**Q** 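My questions will all concern the structure given below.
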Amino acid sequence: MTIQWFPGHMTRAKRQIEEKLKLIDVVFELLDARVPESSRNPMIDEIVGSKPRLLLLNKADLADAEATVRWSEHFRALGREVLAIDANTGSGVRDIPGRVKVLLKEKIERQISKGMRPRPARALIVGIPNVGKSTLINRLAGRNAAVTGDRPGVTKGQQWIRTGGDLELLDTPGILWPKFEDPEVGFRLAATGAIKEEILPIEEVACFTLRWLTKAYREALAERYGLTELPEDLPDLAAAAEVLEEIGRRRGCVGSGGRIDYEKASGVLLRDLRSGKLGRITLEAPVR
Ligand code: G4P
């Protein structure tokens with residue numbers, strides 16, 4: 001799904017989530033474990049306010065496991081409750097209700113002390129497009145329950161979905177916009193496939209990715225494409241373009257006149273990255 005995010009849409013998306021917040025006890029902020037910071041909405045703290053929140057690092061199956069541990073520690077140090085999950089297979093998803101109980105402990109205890117029977121906690125999933133919101137809703141529901149085709153600005157009736165645990169979920173997730181201002185964020189989101197390729201030149205996305213891979217995952221990169229002379233560092237896009245050319249040569253990405261087809265080579269690299277053929281990769285590290 002492609003959403004054109006204009007200021008009007010952002011205001012409406014924010015307002016819609018704020019409306020939904022009145023109905024719920026806890027927010028599930030869904031992030032992409034490969035790009036936990038870049039997949040965060042820039043206004044999320046302001047939008048969610050003091051509502052209890054659980055950070056879910058989704059697509060952890062594709063992310064570097066050690067990096068996911070570091071990111072989880074980073075968010076915990078900021079006082080957040082975090083869980084790494086894979087909504088596709090359900091790994092980690094079973095732990096969500098337990099984490100919610102921890103987050104809502106005081107509220108639940110208050111209800112009990114007043115002689116009330118605690119009702120199921122009500123949750124809303126929020127996140128940028130493609131982060132896995134519908135997949136997680138369906139996973140928690142155990143069936144196809146997510147309302148798809150949800151767009152900011154379209155109001156429709158919403159329903160509560162019962163999950164196995166003491167948890168109810170709004171069937172319509174909150175769709176948030178990504179950070180547009182920082183070009184590096186755009187490149188990272190494009191590399192994971194969260195931003196469609198037409199928006200950014202694919203060769204630049206590939207070169208940006210190569211610079212990171214050379215630094216952080218050089219063995220996996222060199223091995224996958226048989227790069228025997230991979231430099232220690234790619235200081236700029238031009239240096240990265242040379243490596244891209246070599247990948248193109250080795251993968252037979254040759255265009256008319258025997259020239260290397262950079263676009264094809266970029267496609268090879270990004271497909272390999274997204275499908276996990278380069279291994280489990282995280283594209284950013286927490287700033288200390
Ligand atoms: P959204 O509602 O937030 O927009 O995201 P959605 O659930 O539609 O998920 C987007 C894509 O991400 C889907 O792939 C989905 O299968 C995949 N996905 C969701 N969670 C996980 C996960 O934990 N691990 C992995 N590996 N993939 C996950 P898709 O239908 O193939 O779409 P696309 O890749 O063609 O965009």
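Bear in mind the structure is a predicted one, so any value in this text is a computation, not a measurement. As the structure lists them, so they are numbered: ligands from 1, and atoms in each ligand from 1.
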**Q** Identify every side-chain donor-acceptor pair in residues 91-99 under 3.5 Å, counting partners at least two apart or on other chains, and give the distances.
**A**
{"unit_1": "R99", "atom_1": "NH1", "unit_2": "E81", "atom_2": "OE2", "d": "3.2"}
{"unit_1": "R99", "atom_1": "NH1", "unit_2": "V82", "atom_2": "O", "d": "2.7"}

**Q** Taking only heavy atoms of A87 into account, list the atoms of ligand 1 that are under 4.0 Å away from them.
**A**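 Under 4.0 Å from A87, ligand 1 has these atoms: 20 (N), 22 (C), 23 (O).
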**Q** Partners of A123 by side-chain contact (heavy atoms from CB on, under 4.5 Å), sequence neighbours excluded?
**A** V26, F28, L167, L169
**Q** Please test T163 against E168 for side chain to side chain contact (heavy atoms under 4.5 Å, CB included), starting from the C-alpha separation and ending with a verdict.
**A** CA-CA 6 Å; T163 74; E168 287 180 357; over 6 Å; no
**Q** Side chain, backbone, both or neither: which part of I175 comes within less than 4.0 Å of ligand 1 when only heavy atoms are counted?
**A**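 Answer for I175: neither.
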**Q** With heavy atoms under 4.0 Å as the rule, classify the contact between N130 and ligand 1 as side chain, backbone, both or neither.
**A**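 Both backbone and side chain.
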**Q** Under 3.5 Å, N or O to N or O, is P129 touching ligand 1 that way?
**A**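 Such a contact does not occur with ligand 1.
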**Q** Given ring-ring contact (aromatic ring centres under 6.0 Å, His included), test W71 with F75 step by step and report yes or no.
**A** CA-CA 6 Å; W71 273 108; F75 287 124; 5.6 Å; yes
**Q** If you take the nearest heavy atom of each of D32, D61, T192, which one is closest to atom 26 (N) of ligand 1?
**A** D61
**Q** Going by the atom numbers of ligand 1, which of them fall below 4.0 Å from some non-hydrogen atom of L62?
**A** 26 (N)
**Q** Can you tell which of K59, R40, R188 makes a side-chain contact (heavy atoms from CB on, under 4.5 Å) with D32?
**A**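 Running side-chain contact (heavy atoms from CB on, under 4.5 Å) over K59, R40, R188 with D32 returns exactly one hit, K59.
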**Q** Just go through R274, R139, K133 and tell me whose heavy atom is the nearest to atom 1 (P) of ligand 1.
**A** K133
**Q** Look at R80 together with E29 and state whether they make a salt bridge at an N to O cut-off of under 4.0 Å.
**A** no
